[in-house]
Amino acid sequence: MSPPTSTLFASVLRRHHHRNHHLRRLRRFISTYSLPLSHPIYTIWAANTSLGKTLVSAGLSTSYLSSPHRKFLYLKPLQTGFPIDSDSLFVYSKFGDFFARNRPEFSVFASNHVLKASGLASKDVFRGGSDVERDENVSCGNGVVKKSEFFLSNSEMKGSVLGSEGLVRGGFGVERDDNVSCGNGAVKKSEFFDSNRAELSVFDANRELKGSVLGSEGLARGGFGVERDGNVSFGNGVVNLGLYEERRLQGTENWEMKGYSKLVCKTMYGWKEALSPHLVAERENARVEDDELLGMLKGCLGIELESEKGGAFCVIETAGGVASPGPSGSLQCDLYRPFRFPAILVGDGRLGGISATISAYESLKLRGYDVVAVVIEDHGLVNEGPLSSYLRRRVPVLVLPPIPKEMSNNLMEWFQEALSTFHSLEEIMQSAFVERTSRLHDMPRKAHDFFWWPFTQHKLVPEENVTVIDSRCGENFAVHKVNNNVDLITQQFDACASWWTQGPDATLQIELARDMGYATARYGHVMFPENVYEPALECAELLLEGVGKGWASRVYFSDNGSTAIEIALKMALRKFLFDHKIVSDDLVAENSESHVDLKVLALRGSYHGDTLGAMEAQAPSPYTGFYQQPWYKGRGHFLDPPTVAMCHGVWKLSLPQEIETQNPSLEDLTFSLRENIFKESRDTSNLADIYHSYIWKTLHLIIDSSGSTRTGALIIEPVIHGAGGMEMVDPLFQRVLVKECRNQKIPVIFDEVFTGFWRLGAESATEFIRCKPDIACFAKLMTGGIVPLAVTLASEAVFEAFVGDSKLQALLHGHSYTAHALGCTAAVKSIKWFKDSKTNHNLISEAMLLRELWDPDLVRQISLLPAVHRVVVLGTLCALELQAEGSNAGYASLYARSLLQKLREDGIYMRPLGNVIYLMCGPCTSPQSCTNLLNKVYTRLEEL
C-alpha cells in the first residue's frame, strides 16, 4: 500500500487537476450503473431523530480502524443545519480524539470533505459563520486568535491542526504552541501529528478559490473561514464546494514500518436550516432530485472503493428517521431503495421506543431491505427483551451504554466503554457481508445443478452465463457480477418485462407490497365458491367497468393465462352447443352419445398457453411438436393472417398467398402513419371485401359432408401475436373475422393475457380492432406482475348456458387458490394505478390511451438498418426481427445471442424469440427511458 501524499494540493494547478479528475471519475461511475460489492457497505437508519446514528457510525470507525491497512468510508448524503452541524465532522473529530487517547502503533490518514451545499449554507461556510467576530480578534475556544491566524490570506497554513476542544465543538483546533491539548493530557505535536500542515481547500461551482481555511469555533458556529480574495456569488440552488481537510494521525511507530489506515468522511449535500431535508430544500431553493443524489452517491462509492485492494468498510448514514423525506420529498426508505444496501437500525431505548423501533423495522422490511442488526441505547427499560422476542432472535439486538448527559472528556470514556459493543456489531456486519457474497457466488452453480428452467436448453447455458438477480426495484434488476475478480451489483432494465408481466415503477412496487401485506394479514386465503370478500368483489367490479365494459357481465377467476384459456374454451363450446341446439337442458340428452366433432378457428402464429387443451387450440408450431406434446392433434382450423410491420421506414402489409392472389389495391398495402392501420374507414375498402370473401369460403369448407365437424369457437390474440414472434396482425382482418363468426353464431374468444391492461397502449386491445368478444382472458399485467392471477370474462348469454337445476350443468372447473385475496388486492391496486393520470403520467385521459413511448424517428432509423428485417412498435412494445436466413431464422435460432449479451453489458436484460428481439417497458415508463433503450439497441445493431 503506497502512502498518500501528506499535502494533497501543492499548487493551484494540482487543485484544479484533483477536482476535474474527481468529476470525470464521478461521471464514469454514474454512467456504468454499477456498485462495488467487494467491501461491506451498510446504511445506518434510525427509528427517529436524535437516537445516535452518528455515534454508531463513529463507534464503527473506531472498531474497524483498530488495525492497519484498512479504510473506513463514512458518507452523509443529506446534512441539514450545516455548517453549524456536521455529522461527518463529528465522526472525523471523534475518531481523532479516540486515536489520541489510545494511540496504536500504526498511523491513520484522516480526511473530511463537503461536496455540495445550498447557497445559504455556502455563504456561512465562506464567511466563517454568522457568529464570528468581524474585528481583528476572533473568538476560538478558550482563547483569542488573531484574525490573521483564522482567515488566512494568500498562503497555505503552516503547522499542524487538531485539538480536542475544537473537535468536540465541531471545528478544527488551531495550534496554539508546540503542545496540543488532547483529552486528559498534552501530546507533543511531533509525537502525534504529521509535521506537515492540514489543509482545507474550497471550490465554488465555477472556479477554484485560493487559500486554505481553518478555525475551530468558526466551523462549529457556521463554517470555515475563507480568504476574501474575490467576488463569490451565492444565490439560490446548490453550490459545488469541493471542500476538505486532511491530517495524518501519527501512531507510536513509524508509519512506514507499521503501515497506516485511512478514514474518509464526506458530506454530500448540506443545507443551512436544521429542518427536514424536504423543507430546507424548498426554503433555500436548493432542491436535489433523487436521481442526482443517487448518482452522486454511486460516484462516491466507486471513487473510494473501486481500486481499494486492502480492507475497506463503508457506512452511509441517513438523515432523521426511516421514513423522513429527502430533499425531493421522497421518503428516504424509498429514495435509497434502488441500492438496497443492508441496514443497521438504531432503535429507541426510551419509553415508547419499542413501538417506534418495530415500526421502523417493518418499514424497511416492507421495502426489501435486509436489517442485519438493531442497536439501542440503554435507558434502563430493557427494551431489548421485547424487541428480541418480536424479531424471534433472528436479528441481533445490541445495547450501548447510556450516553452521559454531560459531554465530559469528549465522550471518550463512553466510546471506550462501548467499544466491545461496536466490535460485536462490526463482527455481525462483516459476517453478514461474507455470507451474502458467498451465497451470491454459489448461486449460479446451484441453480445450474438444481433448476429445470422453462423454455431453456440447459446444454446451451453454461454456469457463467447464469444471471444472478439480487433484487428488483421498479423496472430494474440488481444483478450480481464479477468483473476482473471484482464483485459488482449492476442495474439491468428488465426489457422483457419478466415474460410480459411487469408494469410497476418503484413507487407502485412498494404500494403493492404494502397492500398485499394488509391482505395477507386480514384474509390469508379464504374459500371462494358461494362466498364474497372485498378484494375479489372490487376486482370484479373494476374489470366489468373497465376491460369488460359494454359486453361482459361475469368474472371467472383462475390462476394463470393458460388456465383462463381452458375455461374460455369450455364456455365457448357450451355456448355453441346451446345456440345450435346440439344439447339441451335435458340431462338425458347430455348423457347420450354425440357425433359432433367440435373444433376451434384460430390464426397461425397465435399462442394460447402450455396446458393440453390450450395447445390443441393452436396451429402446429415448435411448442406443439411431438417432442413437446405427443398427444397434440391440433383441434382447429388455422388461417394464415395478414401482418403489418415497418420495413425500411414504411408500414407495409404482408398478405398470405391465398389473399394476395385476389390482387388487392396497392394503396391498401402501405400506410404513411401507424394510426391509419386502425381506422374504421378501412371497412369500406376493397381489401375488406377480399378478407370477407376469403373468410366466408373458409368457414363453409370446414363443415364436411356429414356435418359432424363444426367450428365451435373463434380464438384470437387481438392485434399482436406474442410468443409467435411479435407479429402485428392486420386489425381489419380480425375485425372482419369476428363479424363473420358472429353471423355464423360462433362464440368469440379474445386472448388478452398478453395484450391486456395497457400493454399495447390501451386498457384492452378491443380499442384497436373496434369490436367486442363474447369471452376474454386476462392475466400477466393485471396484478402489476407481482403475483399470478387470471380471469375469464363472459357475457350474460354465455353465463346463461351454464344455468340449470343440476350441478352437472354448472362449470365444473377451478383450483385451490381461486380469487385469492393477495392477487385480487394486487389487481385492484394495479388497475386503478395504470388508468389514473395522477399516478400514470403517460396516460392521455381524454383518449384513455398511453402517449407515444418510443421515439418515432429513432424507430424509423432502426428499421432502415441492414441488420433489421422488420419493426413492430405499439404501446409498451418495440419488437424487431433481425435479418436472417436458414438456421439463423426461426424460434430455434441462436443468431441474437451475442447481440443480447452485449446489450446486457449495456444494462438491458432481454430474451429473444429466435431471431426476433424486443423491448418491453411498463405503462408508467418515461419516454426518456425508452429513448435511452432504443439508443443503446441502435448502437449495437450498427455493429452487427
Side-chain angles (χ1 to χ4, degrees), residues 323 330-331 333-334 337 362-363 365-368 471-476 494 497-526 528 532-549 555 557-561 564 752-754 756-759 762-764 777-791 793 817-843 845 848 850 875-876 920-926:
S330 300
L331 305 185
C333 49
D334 295 332
R337 175 56 183 81
E362 295 291 353
S363 293
K365 293 295 287 185
L366 178 72
R367 289 162 172 80
S471 65
R472 179 189 189 96
C473 184
E475 296 168 311
N476 296 306
D494 178 11
S498 287
W499 267 343
W500 321 339
T501 63
Q502 295 301 298
D505 54 17
T507 306
L508 177 54
Q509 182 178 345
I510 299 304
E511 292 278 340
L512 287 168
R514 182 185 300 113
D515 285 7
M516 289 178 66
Y518 168 79
T520 303
R522 178 176 174 181
Y523 296 104
H525 177 61
V526 295
F528 182 58
V532 62
Y533 39 93
E534 188 58 43
L537 180 59
E538 188 175 5
C539 182
E541 290 173 333
L542 287 170
L543 290 167
L544 296 178
E545 294 167 1
V547 292
K549 189 174 184 178
V555 178
F557 288 97
S558 58
D559 58 341
N560 64 74
E752 290 216 57
V753 171
F754 166 53
F757 294 106
W758 309 99
R759 183 57 72 201
E763 191 171 26
S764 169
C777 303
F778 296 90
K780 294 192 183 291
L781 199 50
M782 181 172 68
T783 64
I786 206 74
V787 66
L789 184 74
V791 292
L793 271 58
Y817 290 94
T818 297
H820 55 91
L822 272 71
C824 291
T825 299
V828 167
K829 173 65 73 174
S830 299
I831 292 169
K832 289 180 176 180
W833 191 278
F834 293 145
K835 66 191 305 179
D836 185 347
S837 59
K838 294 178 182 177
T839 49
N840 183 1
H841 301 303
N842 291 329
L843 185 65
S845 299
M848 287 305 289
L850 298 183
T876 68
M920 194 175 292
C921 65
C924 302
T925 306
S926 71

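Side chains included, hydrogens not; waters and symmetry mates left out as well; all remaining heavy atoms used.
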Measuring only between side-chain heavy atoms, which start at C-beta, is [X] closer than 4.5 Å to [Y]?
X	Y	result
Trp833	Leu512	no
Asp334	Thr507	no
Thr876	Leu850	yes
Ser330	Arg337	no
Glu752	Lys780	no
Cys333	Ile510	no
Arg522	Thr825	no

Closest approach of [X] to [Y] (non-hydrogen atoms, all atoms of both residues):
X	Y	answer
Ala821	Gly524	CB-O, 4.1 Å
Cys921	Arg759	O-NH1, 2.7 Å
Cys924	Asn842	C-ND2, 3.2 Å
Met920	Ala497	SD-CB, 3.9 Å
Val787	Ala826	CG1-CB, 4.1 Å
Gly561	Ala790	N-CB, 4.0 Å

Discussion item. Between Trp500 and Val753, does the side chain to side chain contact (heavy atoms under 4.5 Å, CB included) criterion hold? Intermediate values first, please.
Written reply: CA-CA 9 Å; Trp500 321 339; Val753 171; over 6 Å; no

Starting at [atom1] of [X], measure out to [atom2] of [Y] and round the result to the nearest 0.5 Å.
X	Y	atom1	atom2	value
Met516	Cys824	CE	SG	10.5 Å
Phe754	Trp499	CZ	CH2	14.0 Å
Ile831	Trp758	CD1	CH2	11.0 Å
Leu542	Lys835	CG	NZ	7.0 Å
Leu793	Leu544	CG	CG	5.5 Å
Lys838	Ser845	NZ	OG	10.0 Å

Practice prompt. Enumerate the residue pairs fulfilling salt bridge (charged side-chain N to carboxylate O under 4.0 Å, His left out) with a member in residues 535-548, sequence neighbours excluded, ordered by first and then second residue.
Written response: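 Listed once each, the pairs are Glu538-Lys832.
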
Worksheet item: Got more than 12 heavy atoms from elsewhere within 6.0 Å of OH, Tyr523?
Response: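 Enclosed.
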
Discussion item. Check the orientation of Phe778 and Phe757. Use parallel for under 30°, tilted for 30 to 60°, and perpendicular for over 60°.
Written reply: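 It falls in the perpendicular class, over 60°.
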
Discussion item. Please verify the inter-ring angle class for Phe528 with Tyr533; under 30° counts as parallel, over 60° as perpendicular, anything in between as tilted.
Written reply: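 It falls in the perpendicular class, over 60°.
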
Practice prompt. Spell out, as yes or no, whether a donor-acceptor pair under 3.5 Å connects the side chain of His525 to the backbone of Leu822.
Written response: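 Such a contact is absent between His525 side chain and Leu822 backbone.
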
Practice prompt. Tell me, please, which residues at least two apart from Ser498 pass side chain to side chain contact (heavy atoms under 4.5 Å, CB included).
Written response: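 For Ser498 the side chain to side chain contact (heavy atoms under 4.5 Å, CB included) partners, ignoring immediate neighbours, are Arg472, Phe477, Asp494, Thr501, Gln502.
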
Item to complete: Not counting sequence neighbours, which residues clear side chain to side chain contact (heavy atoms under 4.5 Å, CB included) with Ala506? List them please.
Response: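 Side chain to side chain contact (heavy atoms under 4.5 Å, CB included) list for Ala506, sorted by chain: Cys473.
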
